[in-house]
2 protein chains.
Amino acid sequence: MPSSKKPKQATRADVARLAGVSESTVSYALTGVRPISEETRERIESAMKELGYVPNAMAQALAGKRSGILALLFPVGERGFNETDFEYVQAANEAVAEDGYQLLLWPNAVEDIESLKKIVNQGLVDGVLLMEVRSEDPRVPVLIEAGMPFCLIGRTEDPSKLTYVDADFSQWGPLAIRHLGDLGHKQVGYIGIADELINVGYGPGVRTETGLHEEAGRAGITLHPKHVAATIRAGRAAMEELLTSTPPVTAVISLNESAMVGALEVLASHDLSIPEQFSVMSFGISEIAANMTVPSQTTIGVEGKDLGRMADQYLIARLNGDNKSVLQHLSAPVFADRGSTGPAPE
Amino acid sequence: MPSSKKPKQATRADVARLAGVSESTVSYALTGVRPISEETRERIESAMKELGYVPNAMAQALAGKRSGILALLFPVGERGFNETDFEYVQAANEAVAEDGYQLLLWPNAVEDIESLKKIVNQGLVDGVLLMEVRSEDPRVPVLIEAGMPFCLIGRTEDPSKLTYVDADFSQWGPLAIRHLGDLGHKQVGYIGIADELINVGYGPGVRTETGLHEEAGRAGITLHPKHVAATIRAGRAAMEELLTSTPPVTAVISLNESAMVGALEVLASHDLSIPEQFSVMSFGISEIAANMTVPSQTTIGVEGKDLGRMADQYLIARLNGDNKSVLQHLSAPVFADRGSTGPAPE
DNA sequence: CTGTTAGCGCGTTCAC
DNA sequence: GTGAACGCGCTAACAG
């Protein structure tokens with residue numbers, strides 16, 4: 001019967017005693033920083049096994065310079081957080097583990113910079129990955145001042161001096177417009193995010209929309225933009241409005257996952273079959289979300305796994321002392337045709 | 001211009017020097033374990049402010065007994081993880097913060113017990129919260145052996161000696177059956193999770209289904225169970241089959257979010273209007289998910305916030321030395337009527 | 001190849 | 001009311 005009292009974990013001293021060597025030799029056997037004879041190494045290793053020795057993370061971090069822990073600032077409150085975000089987390093976690101680090105997820109809000117200050121000055125983590133990056137992100141100056149290495153997943157307004165990975169939103173619009181243009185569409189609806197978000201400079205919204213307008217202009221396509229809240233109801237209303245325009249809109253693009261659900265609902269209630277009579281496509285939604293609706297949606301988005309993985313690599317590079325090279329990456333858009341777009345009707 | 005070199009964080013010694021007191025006095029001013037004169041306390045506090053002093057977490061944990069960090073074992077790979085899970089995380093995070101702890105999310109897989117062993121023996125965290133609990137969860141014995149306080153969000157096969165919070169799945173089925181029974185339904189379809197999950201004793205699946213069958217028996221309702229993979233395609237097939245049964249099924253209950261999407265698709269293609277000609281309801285899906293489909297779904301589920309919050313309270317109680325009281329909680333089901341059920345058609 | 005020693009920053013016991 | 005001193009477990013010079 002297992003005792004329920006906290007068993008004192010074996011320390012380096014215990015291992016040294018059992019193996020009949022000095023404490024530092026145990027350390028060196030562990031880190032391999034110094035040559036150890038085959039024989040003593042084996043004695044030490046069996047001693048460690050026998051005692052179930054695990055180095056104390058705190059002591060290790062206190063004495064050495066690194067804790068082996070990376071934090072992922074992952075504000076969960078925000079706008080609900082979607083599945084795509086989660087791909088970053090998984091990918092980052094895997095990559096970090098492969099590099100011998102532990103990943104801590106810090107769910108604090110973006111605004112909670114007091115906590116952040118404490119956190120980064122506590123000496124708990126070696127580096128930080130940021131998600132939900134804002135145009136003017138208050139966390140960035142805190143990190144810089146603390147001398148804490150970090151990598152953004154996203155971008156600030158002016159990220160020229162920062163380390164980041166992000167989707168190349170500027171390409172999304174042109175890609176979509178060209179696709180629909182090739183299919184003969186001339187009047188295209190756009191269901192975007194709420195005006196407030198655009199006004200505060202929410203990067204993905206602004207950058208995507210800019211590219212959309214530019215390419216539409218070039219292609220001679222009329223864009224009908226609707227900025228609505230991320231709700232089904234708002235999406236319904238937007239779609240109803242779009243259907244009243246003349247000349248008639250024959251396709252719609254969305255950057256608003258929830259609103260699109262409402263839009264599809266309206267299209268169905270008007271007996272407009274997709275893609276024969278109407279084309280739809282969405283930006284930046286996960287494969288799961290794209291297949292969740294009826295019908296499945298053709299999408300343009302980003303490969304989340306790549307981003308998480310690359311963010312980790314960049315951060316590790318900084319930790320390894322690379323302070324000069326420019327580490328910035330924009331991930332190319334991924335087009336996934338799920339059959340929700342077709343030739344423009346007559 | 002901010003230097004990019006790592007500024008050495010102020011230590012207790014720095015504060016002591018600036019305030020003109022001894023180091024231990026600084027500590028006592030911080031912990032309040034010992035009476036400090038108003039005057040020196042102020043000198044110390046202003047010194048801390050001036051230096052931006054933050055106690056080093058590592059040193060604190062090394063010297064003291066506690067790190068002030070709780071870990072949430074949160075396997076992300078699993079079955080994709082859904083929004084409901086995320087409510088736990090948010091709630092747990094808030095609660096933990098209020099109690100003065102930091103929450104670490106550990107995304108390691110359930111099977112990865114080697115990492116877990118290291119983690120819990122590293123002395124990094126004071127206690128652990130577990131999600132995605134299995135019937136025979138390999139993490140539990142590891143935690144017990146390590147003497148690490150923990151609280152399950154979920155249950156094992158025999159949780160009698162453990163600390164846990166969970167949804168009371170046994171009530172879900174009866175609640176649903178009674179609701180549909182009151183509406184006059186006699187033939188009810190059930191779209192459950194894959195057989196493999198049931199066979200390995202996946203708690204929510206097993207417990208929910210047991211209650212479902214029992215109450216159906218009592219109420220004289222015939223249940224038509226389909227255990228299918230969590231895919232839209234599988235849901236379509238299941239629904240098509242259900243529609244061929246005689247006497248005809250007039251309602252369907254789902255514990256399979258993805259499959260339900262396919263099922264709704266089939267109902268729409270058969271021009272069966274909901275709730276007039278057919279009733280549907282789902283177990284355990286988030287409000288967002290329930291409103292994402294067309295039509296929105298009536299659901300029976302759990303209040304995720306309560307669970308996360310309570311799990312934290314239980315764990316803190318254990319940390320504070322409460323080792324005798326039984327800390328176990330089953331959360332009552334929440335019924336949310338979104339209009340997708342109606343009287344059974346003639 | 002291996003042992004000795006000095007910190008890392010802070011909790012805490014023991015003195016005044 | 002305040003200081004001094006030791007130790008937590010480990011890394012990293014410094015000595016052989």
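Because the structure is a prediction, the values reported are computed rather than measured. Per chain, numbering begins at 1; letters A, B, ... match sequence-line order.
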Revision key, fill the gap. Value for CG (A:L70) from SG (A:C151), rounded to nearest 0.5 Å, stands at 11.0 Å
Exercise for review: For D:dA12, take OP1 and OP2 only and decide whether either is under 4.0 Å from a side-chain N or O of A:K65.
Suggested key: yes
Exercise for review: Report yes or no: is there a donor-acceptor pair, N or O only, under 3.5 Å between the side chain of B:R41 and the base of D:dG1?
Suggested key: no
Point to revise | Closest nucleotide among C:dA15, D:dG9, C:dG9 to the A:T11 side chain | key: D:dG9
**Study point:** B:R12 (side chain) and D:dG3 (base): donor-acceptor pair under 3.5 Å
**Key:** no
Check your understanding: Any donor-acceptor pair under 3.5 Å between the side chain of B:Y28 and the base of C:dT13?
Key -> yes
Check your understanding: Given that A:S24 and B:T40 both sit by DNA chain D, which one's nearest nucleotide is further toward the 5' end?
Key -> B:T40
**Study point:** Residues A:D14 and A:R17 bridged, charged N to O under 4.0 Å
**Key:** yes
Practice item. May I ask you to say what A:T31 touches in the nucleic acid, namely base, sugar-phosphate or nothing, with a heavy-atom cut-off under 4.0 Å? Key: nothing
Check your understanding: Which comes earlier along DNA chain C counting from the 5' end, the contact point of B:M58 or that of B:V33, where each point is its nearest nucleotide?
Key -> B:M58
Check your understanding: What is the distance, rounded to the nearest whole Å, between atom CD of B:E23 and atom C1' of D:dA4?
Key -> 10 Å
Exercise for review: Using a cut-off of strictly less than 4.0 Å, decide whether B:Q60 has a side-chain nitrogen or oxygen near OP1 or OP2 of C:dG11.
Suggested key: yes
